[in-house]
Amino acid sequence: MTTFKIAAMTLFAVVVSLSLGLAGSGADEFAAQREKMVAEQLGGRDIVDASVIKAMQTVPRHRFVPGELRHLAYHDTPLPIGHGQTISQPYIVALMSQVLAVAPGRRILEIGTGSGYQAAVLAEMGATVFSIEIVPELGRQAIDNLQASGYGNIRVKIGDGYQGWPEHAPFDAVIVTCAPTRIPEPLKDQLVEGGRMVIPVGEKYAQQLVLLTKQKGEVHQEKIVDVRFVPMVDRQGKTY
Ligand code: SAH
């Protein structure tokens with residue numbers, strides 16, 4: 001009798017842990033795709049910052065793309081998010097996060113919230129993120145995406161990011177995910193001494209990603225890689 005009871009209890013325990021395991025994987029059916037993305041697209045390239053890799057392993061990118069494109073969320077490509085805009089390729093999100101040298105507690109300004117995914121990656125790394133999006137529908141959608149994924153330490157404002165966010169300046173870092181033809185002065189001004197800004201600059205769809213660092217009040221510039229971002233526009237849709 002006792003043996004039977006123990007056997008029954010063991011069976012019960014096995015069933016419970018099996019179903020918990022299934023519930024776990026069901027809760028994030030994309031975890032395996034995310035692991036693959038990190039191994040192949042980041043590990044195979046020059047992403048070495050452990051905190052970037054951990055954040056990319058954690059943030060549910062599929063929640064930031066339109067439902068009908070969810071199966072492509074972890075592919076090595078940018079994807080359309082509506083209103084002619086795109087969520088950047090995973091590698092570019094990782095590269096920009098690595099270049100910024102994010103550390104917990106840093107205050108970061110993002111121009112171009114888009115889907116909210118880049119902001120989520122920075123928040124996952126422990127930063128406090130302020131993000132500005134010019135297309136109201138995208139800004140509202142990003143707020144929903146971020147709330148659904150549990151990212152509370154992100155403030156999103158709908159507006160033109162060219163002027164930065166003076167009320168919250170200065171920032172330890174600025175990340176710009178739309179491309180102006182020249183670097184906006186207000187964004188340089190809103191960087192702390194020793195601060196870093198990563199920004200694509202150039203003509204439509206043929207830009208250079210550059211890193212600016214502010215040292216002793218002077219801004220130094222270094223090229224990282226050629227990129228293709230959507231243009232930074234004003235409220236009339238004219239490229240800056
Ligand atoms: N970081 C985003 C990618 C956004 S694509 C993500 O992770 O999904 C670039 C975004 O910049 C677009 O949503 C576009 O509407 C926005 N944008 C363009 N010009 C802008 C401006 N002047 N101020 C704020 N956002 C701008």
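Just follow the structure's listing: the first ligand is 1, and inside any ligand the first atom is 1.
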A.B. asks: Side chains of H220 and T213: does their closest heavy-atom pair fall under 4.5 Å?
C.D. replies: yes
A.B. asks: Starting from atom 11 (O) of ligand 1, which protein heavy atom do you reach first, and at what distance in Å?
C.D. replies: G112 CA, 3.2 Å
A.B. asks: Is H83 near ligand 1, meaning one of its heavy atoms is under 4.0 Å from it?
C.D. replies: no
A.B. asks: Contact between ligand 1 and V121 is defined here as a heavy atom of the residue under 4.0 Å from a ligand atom; is it met?
C.D. replies: no
A.B. asks: Considering distance alone, does some N or O of D160 sit under 3.5 Å from an N or O of ligand 1?
C.D. replies: yes
A.B. asks: Please could you name the atoms of ligand 1 that T113 approaches to less than 4.0 Å, counting only its heavy atoms?
C.D. replies: 1 (N), 2 (C), 6 (C), 8 (O)
A.B. asks: Output the list of atoms in ligand 1 that are nearer than 4.0 Å to some heavy atom of V135, sorted by atom number.
C.D. replies: 15 (O)
A.B. asks: What residue and atom, counting heavy atoms only, is the protein's closest point to atom 3 (C) of ligand 1, and at what distance?
C.D. replies: T86 O, 3.4 Å
A.B. asks: Backbone or side chain, does any N or O of Y240 fall under 3.5 Å from an N or O of ligand 1?
C.D. replies: no
A.B. asks: Could you tell me whether the side chains of Q118 and S97 share a donor-acceptor contact shorter than 3.5 Å?
C.D. replies: yes
A.B. asks: Starting from atom 12 (C) of ligand 1, what is the nearest protein heavy atom, named by residue and atom, and what distance separates them?
C.D. replies: Q85 OE1, 3.3 Å
A.B. asks: Have a look at K157, Q118, E133 and point out the one with the heavy atom closest to atom 7 (O) of ligand 1.
C.D. replies: Q118
A.B. asks: Starting from atom 23 (N) of ligand 1, which protein heavy atom do you reach first, and at what distance in Å?
C.D. replies: G161 N, 2.8 Å
A.B. asks: In this structure, are over 12 heavy atoms from other groups packed under 6.0 Å from E167 atom CD?
C.D. replies: yes
A.B. asks: Go through it in stages, so that I can follow the logic: the residues are R45 and L95, the test is side-chain contact (heavy atoms from CB on, under 4.5 Å), and I'd like the CA-CA distance, side-chain angles, deciding distance and then a yes or no.
C.D. replies: CA-CA 10 Å; R45 296 188 179 125; L95 180 65; over 6 Å; no
A.B. asks: Using heavy-atom distances only, which candidate in G114, S115, P231, S88 approaches atom 8 (O) of ligand 1 most closely?
C.D. replies: S115
A.B. asks: At a 4.0 Å cut-off, with the gap strictly under it, does some heavy atom of G159 reach an atom of ligand 1?
C.D. replies: yes
A.B. asks: Test side-chain contact (heavy atoms from CB on, under 4.5 Å) on V65 and I87 and set out the steps.
C.D. replies: CA-CA 8 Å; V65 305; I87 175 175; 4.0 Å; yes
A.B. asks: Do R34 and Y74 pass the side chain to side chain donor-acceptor pair (under 3.5 Å) test, and can you show the C-alpha distance, the side-chain angles, and the key distance before you say yes or no?
C.D. replies: CA-CA 6 Å; R34 212 157 39 239; Y74 296 97; 2.9 Å; yes
A.B. asks: With the side chain counted from C-beta on, respond yes when D76 and Q89 share a heavy-atom pair under 4.5 Å apart, and no when they do not.
C.D. replies: yes
A.B. asks: If the cut-off is 4.0 Å to any non-hydrogen atom of I87, which atoms of ligand 1 fall inside it?
C.D. replies: 8 (O)
A.B. asks: As an exercise, identify every atom of ligand 1 less than 4.0 angstrom from a heavy atom of C178.
C.D. replies: 11 (O), 17 (N), 18 (C), 19 (N), 20 (C), 26 (C)
A.B. asks: Counting only heavy atoms, tell me which of V233, L138, I134 gets closest to atom 24 (C) of ligand 1.
C.D. replies: I134
A.B. asks: Would V59 and Y151 count as a side-chain contact (heavy atoms from CB on, under 4.5 Å) here? Give the steps.
C.D. replies: CA-CA 10 Å; V59 179; Y151 292 101; 3.3 Å; yes
A.B. asks: Take L146 and F64 through the test side-chain contact (heavy atoms from CB on, under 4.5 Å) and record every step on the way to the result.
C.D. replies: CA-CA 8 Å; L146 289 165; F64 293 85; 3.8 Å; yes
A.B. asks: Evaluate whether atom NZ of K223 has more than 12 neighbouring non-hydrogen atoms of other residues, nucleotides or ligands under 6.0 angstrom away.
C.D. replies: yes
A.B. asks: Number the atoms of ligand 1 from 1 as they appear, then name those within less than 4.0 Å of a heavy atom of E110, with their elements.
C.D. replies: 1 (N)
A.B. asks: So which protein heavy atom does atom 9 (C) of ligand 1 come closest to, and at what separation?
C.D. replies: T177 O, 3.3 Å
A.B. asks: Do the side chains of T113 and L138 get nearer than 4.5 Å, heavy atoms only?
C.D. replies: no
